Amino acid sequence: MSPLLKLAALLLPTAAFALPSDLLERQEGCTTPAVGAFADVSEKGLPDPWKFASGSPVATAADFACRQAEMSKILQQFVLGDLPPPPDSLTATMSGSSMSLAIKVGSNTKTISVSITKPSGGGTAGGPALIAVGGASIPVPGAVGRIAFGNDACAAQSNPASHGTGWFFDLHGKTHSAGATLAWAWCVGRIIDGLEQLGAAKTGVDPKKLAVTGCSRNGKGAFMVGAFEKRIALVIPQESGSGGAASWRISDSEFAKGKNIQTAHQIVRENAWFSPKFTSYVNKTDTIPGDNHFLAALVAPRGLFVIENDIDWLGPVSTTVAMRAGRSVYDALGVKTNMGFSLVGGHSHCSFPSATNANLLSFFNKFLLGSGNANDVDTSKANVTLSEWIGNWSAAPRLAA
Ligand code: MCU
């Protein structure tokens with residue numbers, strides 16, 4: 001912790017938390033435990049978004065913003081690894097359709113280039129654009145530009161041993177705790193820094209009108225980018241399954257029932273998507289004081305359209321429960337339709353079903369193109385009992401987003 005944060009923590013009231021002051025951080029107007037300071041729990045159900053780790057209730061919109069800071073840190077501590085602060089310096093230049101970013105962290109430097117297809121008709125104010133994590137497999141309205149994010153170059157996803165490879169790790173060190181999906185969120189943040197620095201007249205893009213998408217492993221990434229990078233207006237994770245829209249706990253429960261479903265204990269043996277810190281929790285996911293409905297709660301109240309499939313491996317029951325739990329958070333914020341959950345099966349992995357076109361378009365229209373309302377979307381036919389998983393939550397407050 002920086003000396004300034006330490007001083008702030010010392011000066012702030014700590015009564016709500018039974019933690020030593022050096023384990024508290026002042027952030028976004030809140031005093032929250034630091035990453036590393038959260039205790040293990042023993043919770044079969046999904047952790048309650050309406051209760052702080054200290055046990056205090058989340059009663060106001062300001063409380064919820066603070067709980068979001070906690071949820072972010074919990075996921076970092078147990079699953080994702082640490083999200084570093086912005087770099088020490090970043091210099092962006094534009095040449096044709098290519099944006100170059102010279103980035104410095106400590107004594108490490110890296111220059112990367114990003115390809116931008118400018119939106120049509122944006123004028124000097126710029127237009128909306130979709131950041132595609134490794135590519136997009138959804139229909140995109142013509143007026144929306146494209147930004148290609150080469151996520152594998154930022155943090156590799158070949159196998160568990162590829163942790164530490166990529167320009168994120170060149171800047172932060174090979175042993176940095178971030179798993180690939182969180183590293184991608186940091187790298188996308190640098191693309192947005194570049195867009196902001198250059199301005200719409202040069203890039204053609206309005207940085208306040210950004211969406212992110214990706215499918216499957218890159219859908220996990222799109223969800224993480226949206227959850228940890230607040231400058232994204234619309235988040236569209238597609239068929240992210242385990243580690244994305246699915247809940248670790250519910251996937252374990254489905255596995256115990258004999259389903260062919262991806263679990264935490266399998267996923268860390270397959271790839272480097274999550275932090276090495278996660279490994280000690282993959283056989284006891286009920287001790288983590290968070291789960292993946294927190295991802296939706298972190299995107300809230302911004303636009304979120306979660307696309308899933310009925311493929312067993314992705315966990316249709318798990319994604320349906322976790323994302324309905326997420327929608328209940330949006331509901332409490334008075335913006336239920338800002339989040340849609342679309343599980344339409346009967347098609348191959350990452351092929352977009354045309355039956356979903358109109359619902360997806362309603363999200364582009366509302367959050368990027370400024371017209372109309374998002375449709376009220378919950379299309380899953382999975383047979384689930386939400387109360388089994390969130391029945392122990394405190395009564396949701398009514399908060400204005
Ligand atoms: C759903 O995303 C992954 C899945 O987590 C992996 O287990 C599997 O190997 O690959 C999926 C994927 O990325 O497919 C393209």
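Both counts, for ligands and for their atoms, begin at 1 and track the order of listing. All of these numbers come straight from a predicted model, not from anything done at the bench.
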Is Ser216 in polar range of ligand 1, meaning some N or O pair under 3.5 Å apart?
yes

- Query: Do the numbers put Lys220 on top of the ring of Trp273, so that NZ or CZ is under 6.0 Å from the six-membered ring centre and no more than 45° off the axis?
  - Reply: yes

In short, Gly340 meets Phe363 closest at the heavy-atom pair N-CZ, 3.4 Å

Pair Lys104 + Asp88, salt bridge at N-O below 4.0 Å
no

(message) Evaluate Lys220 for polar contact with ligand 1, using N/O atom pairs at a separation under 3.5 Å.
(response) yes

message = Could you check whether any side-chain N or O of Asn151 sits under 3.5 Å from a backbone N or O of Trp184, counting only pairs where one atom can act as donor and the other as acceptor?
response = no

Closer than 3.5 angstrom, by distance alone: can the side chain of Ser247 be matched with the main-chain N or O of Ile250 as a donor-acceptor pair? yes

Logged contact type for Glu239 with ligand 1, heavy-atom cut-off 4.0 Å, is backbone

min-distance protein heavy atom vs atom 10 (O) of ligand 1 -> Arg217 NH2, 3.0 Å

Numbered in order shown, the ligand 1 atoms found under 4.0 Å of a heavy atom of Gln262 are 4 (C), 5 (O), 6 (C), 7 (O)

A student checking ligand 1 against His349 at a 4.0 Å heavy-atom cut-off should list atoms 12 (C), 14 (O), 15 (C)

Between the main-chain N or O of Ser387 and the side-chain N or O of Thr385, is there a donor-acceptor pair closer than 3.5 Å? no

So the atoms of ligand 1 within less than 4.0 Å of a heavy atom of Glu270 turn out to be 6 (C), 7 (O), 8 (C), 9 (O)

I'd like to know if Asp48 and Arg67 make a salt bridge, using a cut-off of under 4.0 Å between side-chain N and carboxylate O.
no

Does Ile307 offer a backbone N or O that forms a donor-acceptor pair with the side chain of Ser342 under 3.5 Å? no

Within 4.0 Å of some non-hydrogen atom of Trp313, the atoms of ligand 1 are 4 (C), 6 (C), 7 (O)

Exercise for review: Look only at interatomic distance and state if Ser240 has a nitrogen or oxygen under 3.5 Å from any nitrogen or oxygen of ligand 1.
Suggested key: no

>> Any heavy atom of Gly241 closer to ligand 1 than 4.0 angstrom?
In response: no

Practice problem: Check whether any N or O atom of Trp273, backbone or side chain, sits under 3.5 Å from an N or O atom of ligand 1, and answer yes or no. | Solution: no

So for Leu314 against ligand 1, with non-hydrogen atoms under 4.0 Å, the contacting part is side chain

